[in-house]
Amino acid sequence: MEFPRSSVVKSADYDPEARTLDVTFRTDRRYTYFSVPEHVFDALITASSAGEYFNTHIRDHYDSLERH
């Protein structure tokens, strides 16, 4: 899913079976977040500010790995 209005998040994709969230930032850095509940992804895509939601509810709350 693309986030055209976000100055932080470029896109995010969720895999419900693996419970992974892949986030690409405007800087083109990509991270995978692990053990993310689906409701967190649902809230991210409906948030009035994807960047604010990400910083408050995802970053530093889930294990992650930078993708190259």
Side-chain angles (χ1 to χ4, degrees):
M1 162 159 283
E2 299 289 321
F3 291 84
R5 295 182 312 217
S6 177
S7 61
V8 176
V9 178
K10 183 176 182 180
S11 66
D13 294 297
Y14 185 73
D15 181 336
E17 288 184 19
R19 295 183 58 189
T20 56
L21 175 64
D22 292 316
V23 179
T24 302
F25 297 96
R26 291 283 169 207
T27 60
D28 285 328
R29 293 180 85 169
R30 288 181 46 219
Y31 288 84
T32 297
Y33 293 85
F34 301 95
S35 300
V36 178
E38 191 165 2
H39 72 87
V40 172
F41 175 67
D42 293 340
L44 174 66
I45 64 174
T46 59
S48 59
S49 170
E52 183 177 331
Y53 185 86
F54 171 81
N55 286 329
T56 303
H57 300 283
I58 299 172
R59 187 184 76 184
D60 301 329
H61 293 275
Y62 299 96
D63 291 335
S64 64
L65 180 66
E66 185 173 7
R67 301 292 182 178
H68 299 280

Discussion item. Test of understanding: with side chain to side chain donor-acceptor pair (under 3.5 Å), list the residues that count as partners of Arg30, not counting sequence neighbours.
Written reply: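 Checked Arg30 against side chain to side chain donor-acceptor pair (under 3.5 Å); zero matches.
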Practice prompt. Applying side chain to side chain contact (heavy atoms under 4.5 Å, CB included), name anything that partners Thr27, two or more places apart in sequence or on another chain.
Written response: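 Once residues adjacent in sequence are excluded, the partners of Thr27 under the side chain to side chain contact (heavy atoms under 4.5 Å, CB included) criterion are Phe25, Arg29.
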Worksheet item: Excluding sequence neighbours, so at least two apart, what forms side chain to side chain contact (heavy atoms under 4.5 Å, CB included) with Ser11?
Response: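 For Ser11, the residues satisfying side chain to side chain contact (heavy atoms under 4.5 Å, CB included) (neighbours in sequence not counted) are Glu2, Thr24.
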Quick check for you: to the nearest 0.5 Å, what is the distance between [X] atom [atom1] and [Y] atom [atom2]?
X     : Y     : atom1 : atom2 : answer
Ser49 : Leu44 : OG    : CG    : 9.5 Å
Ile58 : Thr56 : CD1   : OG1   : 9.5 Å
Phe54 : Tyr31 : CZ    : OH    : 8.5 Å

Listed partners of [X] passing ring pair (Phe, Tyr, Trp, His ring centres under 6.0 Å), at least two apart:
X     : value
Tyr62 : none
His61 : none
Phe3  : none

Item to complete: Hey, could you give me each pair passing salt bridge (Lys or Arg N to Asp or Glu O under 4.0 Å) that has a residue in residues 6-27? Not counting sequence neighbours.
Response: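 Residue pairs with at least one partner in residues 6-27: Lys10-Asp28.
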Item to complete: May I have all residue pairs that pass salt bridge (Lys or Arg N to Asp or Glu O under 4.0 Å) and include part of residues 38-54, sequence neighbours excluded?
Response: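 Of all non-adjacent pairs touching residues 38-54, none passes salt bridge (Lys or Arg N to Asp or Glu O under 4.0 Å).
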Discussion item. Can you classify the ring geometry of Tyr14 versus Phe41 as parallel (below 30°), tilted (30 to 60°) or perpendicular (above 60°)?
Written reply: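 Taking Phe41 first and then Tyr14, their aromatic rings lie parallel (interplane angle under 30°).
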Discussion item. Could you report the tightest heavy-atom contact between Gly51 and Val8, atom names first, then the distance?
Written reply: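 Minimum heavy-atom contact is CA-CB, 3.9 Å.
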Worksheet item: Hey, does Phe34 have a side-chain heavy atom less than 4.5 Å from the side chain of Leu65?
Response: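 Of all side-chain heavy-atom pairs linking Phe34 with Leu65, at least one is under 4.5 Å.
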